[in-house]
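Reviewing the structure listed below.
Fair warning: this is a prediction, and the values are worked out from it, not measured in the lab.
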Amino acid sequence: MIGALKKQWAAHRLKDPRFAMLLQEQNEELVSVDCETTSLNVRDAELLSIGAVKIRGQRILSSESFYVLVRPERKPDAGSVRIHGLRPRDVSDGLAPQDAVTRLLDFIGGRPLVGYYLEYDVAILNKYVQPLTGIKLPNRQIEVSGRYYDYKLRQNPDSNVDLRLATLVDDLRVPALPRHDALNDAITASMLYLALKKRGFG
Amino acid sequence: MSRFDFTHPPFTHLSQQERLALEGAADIVFFDNDEVIMAPGDSVDSLYVLIKGVVREMADDEVLAVYHAQDTFDARAMVAGVATQRFVVHEEALAYCLPRSVVMQLTESNPRFGAFFYASVSQKFGALAQNAGSRELQTLLTATVRDACSRLPVFVNGQDSVLDAARIMKQRKSKSILVRHRGQLGMFTTTDFRDTILNELPPSTPLYQVCHFNLITTDIDGFLFDALLTMTQRNIRRLVVMDQGEPVGILAQVDILSYFSNHSHLIAHKLERADTLDELQDIAGQITRLVGILSSHGVKAPQLGRLVQALNARLFERTWQLIALPEVVANSCLIVMGSEGRGEQILKTDQDNALIIRDGYDHPTIAGACQAFSDALARFGYPPCPGHIMVNNPQWCQHEQGLRDQLYRWLYLPDGDALMNLAIFVDAEAVAGDHALLAQGKHYLQSLLSDDESFYARFARAIEQFDTPLGFFAQLLTREQNGEATLDIKKGGIFPIVHGIRSLALRHDIAANNTFERLQRLAENGHLDRDFANDINETLAFLLGLRLSHGLAELADGRPASNLIRPGKLSTLEKDLLKDALALVKKFKSLLRHQFRLGAVA
């Protein structure tokens, strides 16, 4: 009921009918998404790259993956370059952020989103999505670390759950891909999701 | 940033660009326990490469193969577009799913990659051998001075004369000697010797006046590669090898070159000069190491077998000469039999040997020498033969007449072991003494054999002793997690081929001992179809190679080499080849059954 109202309200505020597909929820597929940014502070952070991959049933459609480099308005600071390895010159040929996000929205459509600390990625994306469409990302969000927390708590109710990515990767026995590449991180989150789904926490 | 691991066959054959294309087209699929990935009759549009987990290939309730991370399945189903076996997840599996269209396109554009999917049995075996080549460079770079240094230093005193040095160099067959003089170490070489003549120095000149004291040394555990570099840089041909500050040998450039080109040369050289059983024992150990090195260089099992046979023959001959009196050696014939006689014993698995003594000759030391010989071989690392087929067994140490009687009894009054003993004798090869004694024995055997078909049938029947087959895999994987399964490759594959070919060779009076040679002769004389003989040849070479690599791994682990291989540890390609090989063994057995009418023998 509330959901339906929210949706109507969002439809009302939508600036551009091009983005109406965001509101038509498609549940047969999910999209795992990850962004690399210039900083970890949502307020100053700018996009550097976006990786996304669809999950259909138990298959990760890495063959139809989404990956773009984004040209930030300010230069990335040296500390973050160390983490993601994207130097200013690497992203100088990237897309304008609005362009990149528009393409991402086309890719996502009405599919629910999956991610590890998705809240952060969505907050960054919303900085661009809102001016473009008039609304924030309306898609349902599946937080892998949250599902993992539920799973561990079910196993051992009084435990302290370690939510570091390396712990999840290890515990759920998914292969460790090279980190801090937006697409690899999106694929890792997908594998974590499938492993959790198999355990009943999808 | 590559996600896909391309470091295993067949993907090693792809170019960087092809890899990227393949990676771009790959999906990742997650399968739960006991999920059926494909079942017979399913249409198959992709090739799977396991990232994690375990998958088993099943035919009804029988496990045909087990796939682990990096394994690829199922090339056949993908090419055919339809599955013939059931693939079931044994332990949560994560797999890359490569679309058929992309893989097929790669098989067309990249012949080596394509060969993996299409090759006939013979060609597939070749692909495996090519793989081994990549390790060659590594061996070259990791060999140490210890591996190549064969020359014990000869020491003389600085006060000794040039003439003394010349005598010692001749006596010790050495081109360089070390000179000790007042706490210094110098070297005197044939080049220096030439210079003394040119300078018209008298032969009584003391060595310390003409030798070099600025020696360049290398550590015995240093890399051979570095030693070669030092020689090249300084333009010298010899280095003094030091072990904890003491000179222990001389490394010559030719040693390094021969090590890299033909290690066996070194061993043969040492055999020639060995004067004690201790030295021979050392050399016996080197033969095993040589096998490991050559095998990693991609030398195939059949060639290795012949090389080791030649070295072993020299080793046995030298040992026998050291132990037995010269007149005993001259009046007898030491023979090796079984796999050693065929030149197919690559690692030391057992000693099958015997002595034939000339009629009318006897010597009280013979029995003692035979015992000493068997003991020496055991010391060298040749385990005593379980069937006790050794010279220290009176049954295998006989006069010619005794041998003839025995052959007669084996043929006409066979008891339990008679046919097997006969089979072992058929492969006999002389290694020391009067080779004619063995030739006469074999000639006598041939004269006894008539056209009695029932004899050949009884002889060949041993191939039925062990079941071959593909069914073998059934015992492999139990549902427990770590139940490790093994397969006896000798009983299941090697023995039926070897004995089958031996039976055919005996039947058609072919004198060769080596199975590959016998095969060739059988094909030449039209007793075997040429293509079939080629397939048997490749199959046996593959099986021997597999046994060798397993045996080397076992030796490296400090266990004795066995015939047991662990299919779980094989790569998918090897597993495929093993299945093909065993299928061929089965086919060969049924041919023999038909030829020798084994069904009719009671």
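A:Met191 and B:Leu94 get closest at one heavy-atom pair: SD-CD2, 3.3 Å. Across all their heavy atoms, B:Ala25 and A:Ser63 have their closest contact at O-CB, 3.2 Å. Contact record, A:Val174 with B:Lys52: O-NZ, 3.9 Å, taken as the closest heavy-atom pair.
Atom CZ of A:Phe201 has more than 12 neighbouring heavy atoms from other residues, nucleotides or ligands inside a 6.0 Å radius. Enclosure of atom CD in B:Gln105 is not indicated, since only 12 or fewer non-hydrogen atoms of other residues, nucleotides or ligands lie within 6.0 angstrom. The environment of A:Lys127 atom NZ is dense: over 12 non-hydrogen atoms of other residues, nucleotides or ligands sit within 6.0 angstrom. In this structure, A:Glu119 places its CD atom where only 12 or fewer heavy-atom neighbours from other residues, nucleotides or ligands lie under 6.0 Å away.
The structure places CG of B:Asp27 at 11.5 Å from CD1 of A:Ile55, a figure rounded to the nearest 0.5 Å. Here the CD1 atom belonging to B:Ile51 is positioned 8.0 Å from the CG atom belonging to A:Leu177, to the nearest 0.5 angstrom.
For A:Arg140, the salt bridge (charged side-chain N to carboxylate O under 4.0 Å, His left out) partners two or more places apart in sequence, or in a different chain, are A:Glu25.
Listed by first then second residue, pairs satisfying ring-ring contact (aromatic ring centres under 6.0 Å, His included) with a partner in residues 15-61 of chain B read B:Phe31-B:Tyr48, B:Tyr48-B:Phe73, not counting sequence neighbours.
A salt bridge does not link A:Arg173 with B:Glu92: none of the charged nitrogens is closer than 4.0 Å to a carboxylate oxygen.
Between A:Ser190 and B:Ile28, the closest side-chain pair of non-hydrogen atoms is not below 4.5 Å.
With a threshold of 4.5 angstrom between heavy atoms, A:Arg56 does not approach chain B through any atom at all.
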